[in-house]
Amino acid sequence: MIRFGTGGWRAIIGDGFTRQNIQLLAKALSMKMKAEGVEQEGIVIGYDRRFLSKEAVKWACEVFAAEQIRCKFVNRSSPTPLIMFYVEKHRMHYGLMVTASHNPAIYNGMKVFTYGGRDASEEQTTDIEKYASMAQAQGDISFVEYERVLYGGTLLSFSIGAEKRAGEASFRRKAASPISGRGGSHFLSGRRKDLFS
């Protein structure tokens, strides 16, 4: 069962945070996107350094592929604001981030972002929960094995960033956190106009 709290859905890894529930959430979001007529623009998905985060993205991509929704998969661990910024800059209606934020290391979860790079509102998450209940009642969720997704045209795997060039105006931002297994430093270096092009 999918139940959102403040800022996203979180559950204990191996208990509520399972492949089954991750794919249930992906199915629910697919249904919502189709109901709103925005499925053609696809969805961007990122992840942090917690246990099973990258695998969770792959499991979600398998469902989106079955639903013919293109995934833009940021294929390295990233800070949450980076995915929010991508949603805002590219005027996408939805984005996903696999993270449990500040919660203890035994947790993982998923945050949904909406148009403007905002956290999904309570109204939006209630809708997702409704679609999740509908999907669960329908039975088995269709998915495409990740190896097939890679060559099926519904996945764009990419890294975000640009190299700093000598003599050019540049900037550097850093976000780092050692807590709950999501530590590591994330750097973006390059010209502002080059990023996310």
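Throughout, residue positions are numbered sequentially from 1 according to the sequence presented. None of these values were measured; they are calculated from a predicted model.
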Exercise. For Ala120, what residues pass the side-chain contact (heavy atoms from CB on, under 4.5 Å) criterion, not counting sequence neighbours?
Worked result: Val112, Thr114, Gln124, Thr125
Problem set entry | For Lys111, all residues meeting salt bridge (charged side-chain N to carboxylate O under 4.0 Å, His left out), sequence neighbours excluded | Asp119
Seminar exercise, completed: Residue set satisfying salt bridge (charged side-chain N to carboxylate O under 4.0 Å, His left out) with Glu67, at least two apart, ordered chain then number -> Lys27, Lys34
Exercise. Run the side chain to side chain contact (heavy atoms under 4.5 Å, CB included) check on Asn21 and Trp9 step by step: do they pass?
Worked result: CA-CA 10 Å; Asn21 281 337; Trp9 166 66; 3.9 Å; yes
Seminar exercise, completed: d(Phe85 CZ, His90 NE2) to nearest 0.5 Å is 8.0 Å
Seminar exercise, completed: Heavy-atom closest pair (Ser78 atom, Ile83 atom, distance to 0.1 Å) is CB-CD1, 4.5 Å
Seminar exercise, completed: Distance col, row Arg10:CZ vs Ile106:CD1, nearest 0.5 angstrom, shows 13.5 Å
Problem set entry | Donor-acceptor pair, side chain of Asn103 and main chain of Ala100, under 3.5 angstrom | yes
For this session: May I ask you to test the Met33-His93 pair for a side-chain heavy-atom distance under 4.5 Å?
Result: no
Exercise. Rounded to the nearest 0.5 Å, how far apart are CD1 of Ile43 and CZ of Arg70?
Worked result: 13.5 Å
Problem set entry | Distance-minimising heavy-atom pair for Val57 and Gly46 | CG2-O, 3.8 Å
Exercise. Under a 4.5 Å side-chain heavy-atom rule over Ile, Leu, Val, Met, Phe, Trp and Tyr, are Leu24 and Met31 clustered together?
Worked result: no
For this session: Return the set of residues passing side-chain hydrogen bond (donor to acceptor under 3.5 Å, both in side chains) with Tyr47 (not counting sequence neighbours), or none when no residue passes.
Result: none
For this session: Could you tell me which non-hydrogen atom of Ala105 sits nearest to which non-hydrogen atom of Ile13, and how far apart they are?
Result: O-CD1, 3.8 Å
Exercise. With Ser53, which residues qualify under side-chain hydrogen bond (donor to acceptor under 3.5 Å, both in side chains), at least two apart?
Worked result: Asp48, Asn108
Exercise. Taking all non-hydrogen atoms of both residues, which atom of Phe64 and which atom of Cys71 are closest, and how far apart?
Worked result: CB-SG, 3.4 Å
Side chains of residues 127-150: which donor-acceptor partners sit under 3.5 Å, not counting sequence neighbours?
{"from": "Asp127", "atom 1": "OD2", "to": "Lys32", "atom 2": "NZ", "distance (Å)": "3.1"}
{"from": "Glu129", "atom 1": "OE2", "to": "Phe4", "atom 2": "N", "distance (Å)": "2.7"}
{"from": "Ser133", "atom 1": "OG", "to": "Glu129", "atom 2": "O", "distance (Å)": "3.2"}

Exercise. Which heavy atom of Ala60 sits nearest a heavy atom of Met110, and at what distance?
Worked result: CB-CE, 4.4 Å
Exercise. Within a strict 4.5 Å, meaning less than it, do heavy atoms of the Val87 and Tyr94 side chains meet?
Worked result: no
For this session: To the nearest 0.5 Å, tell me how far Glu41 CD sits from Lys72 NZ.
Result: 8.5 Å
Exercise. Looking only at atom types and distance, does a side-chain atom of Glu39 sit under 3.5 Å from a main-chain N or O of Gln68, one as donor and one as acceptor?
Worked result: no
Problem set entry | Any Val44 side-chain heavy atom under 4.5 Å of Phe113 side chain | no
Exercise. In Å and rounded to the nearest 0.5 Å, what is the CZ to OG1 distance from Arg3 to Thr126?
Worked result: 9.0 Å
For this session: Group every Ile, Leu, Val, Met, Phe, Trp and Tyr by side-chain heavy-atom contacts under 4.5 Å, then state whether Ile2 and Val63 land in the same group.
Result: yes
Exercise. Is the backbone of Tyr107 close enough, under 3.5 Å, to the side chain of Arg50 for a donor and an acceptor to pair up by distance?
Worked result: yes
Problem set entry | Heavy-atom side-chain contact between Leu25 and Leu96 under 4.5 Å | yes
Seminar exercise, completed: Rounded to the nearest 0.5 Å, the SG atom of Cys61 sits from the CG atom of Leu155 at a distance of 5.0 Å
